[in-house]
Amino acid sequence: MQVIICDSPEQVGSRAADIIEEHVRRGPAVLGLATGSSPAGTYRELIRRHREEDLSFRDATAFTLDEYAGLPLDHEQSYHSTIRREFLDDVDLPLSRLFTPHGDAEDLRAEAARYDTAIREAGGIHVQLLGIGANGHIGFNEPTSSLTSRTRVKTLARITRSDNARFFPGGEVPQLCLTQGLGTISEARQAVLVAIGSNKAAAVRAMVEGPVSAFCPASVLQLHPRAVVVLDREAASELQLTDYYHRAQELNDRLLAR
Ligand code: GLP
């Protein structure tokens, strides 16, 4: 696992955008997109590069990580609408190649299986962008999720529902969701997790330096051969080996600059 500690949230966005840009410039890329506030800076930076630096997404395909059950695609708070608002509508990735699980499908289990197959049929995800929940979830894989799980229906944890309540003023956060499984996420060729702020520090510590455990679902990334974790100082504040991560990053940057 590569750990990059940045001076500011803007730098987190820029570092994560560098990795995604590399995949996009290499050829038709299959992107895994996350919602939430953490990746917002990454999207802003990618949009800027699209506008100012000729970065085109016209040949890319995108799969979102998860979706609330019961919400139609065009619901304001669906992750489909969110990802359009925060990223897709501002770049040239064709809407016909944005895939999200359908939260309003009649048979949610069949929809989850269909989505998992669609990712495989697209050739798998090249780079998966991730945030982390305060309880260590990735996607909506709550603590105790199987480390080899596939896309499926999950029950949201109380803390996740209360963390996300701010997006549903006057309404209820759904109880159920569809989420790529930890096994599905692990199949991405590269994973980039971004975390910002001190409320993520304990989850980040458990993910990076704790044991691999279903109790901290993000810790499954320790088993991934190409996982990069990009943090601001606050999110990194509970890590023990910060000196090592800084030194490794410095040497890595020097190697790349050669
Ligand atoms: C939601 C999403 C996750 C995201 C998490 C953290 O639960 N399903 O993919 O990582 O929120 O969100 P935020 O970045 O806003 O803290």
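These numbers were taken from a predicted model, which means no experiment stands behind them. Side chains are part of it too, since the values below use all heavy atoms of this structure and drop only hydrogens, waters and symmetry mates. Both ligands and their constituent atoms are indexed starting at 1 by order of listing.
- Of the options Thr155, Thr160, Thr179, a side-chain hydrogen bond (donor to acceptor under 3.5 Å, both in side chains) to Glu142 is made by Thr160 and by none of the others.
- Between Arg49 and Asp18 there is a salt bridge, with a side-chain nitrogen of the basic residue lying less than 4.0 Å from a carboxylate oxygen of the acidic one.
- The pair Glu250-Arg247 does not meet the salt-bridge criterion, since no charged nitrogen lies less than 4.0 angstrom from a carboxylate oxygen.
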Tabulation required: pairs of a nitrogen or oxygen in ligand 1 and a protein nitrogen or oxygen under 3.5 Å; columns are atom names and distance to 0.1 Å; otherwise 'none'.
| residue | atom | partner | partner atom | Å |
| --- | --- | --- | --- | --- |
| ligand 1 | 7 (O) | His137 | NE2 | 3.0 |
| ligand 1 | 8 (N) | Asp66 | OD2 | 2.7 |
| ligand 1 | 8 (N) | Gly139 | O | 3.1 |
| ligand 1 | 10 (O) | Ile132 | N | 3.4 |
| ligand 1 | 14 (O) | Ser37 | N | 3.2 |
| ligand 1 | 14 (O) | Ser37 | OG | 3.4 |
| ligand 1 | 14 (O) | Ser38 | N | 2.9 |
| ligand 1 | 14 (O) | Ser38 | OG | 2.4 |
| ligand 1 | 15 (O) | Ser37 | N | 2.7 |
| ligand 1 | 15 (O) | Ser37 | OG | 2.7 |
| ligand 1 | 16 (O) | Lys200 | NZ | 2.6 |

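- By the 4.0 Å N-to-carboxylate-O rule, Arg161 lies close enough to Glu172 to be salt-bridged with it.
- No salt bridge links Arg15 with Glu45; every basic N to acidic carboxylate O contact stays at or beyond 4.0 Å.
- Aromatic ring centres of Tyr68 and Phe168 lie closer together than 6.0 Å.
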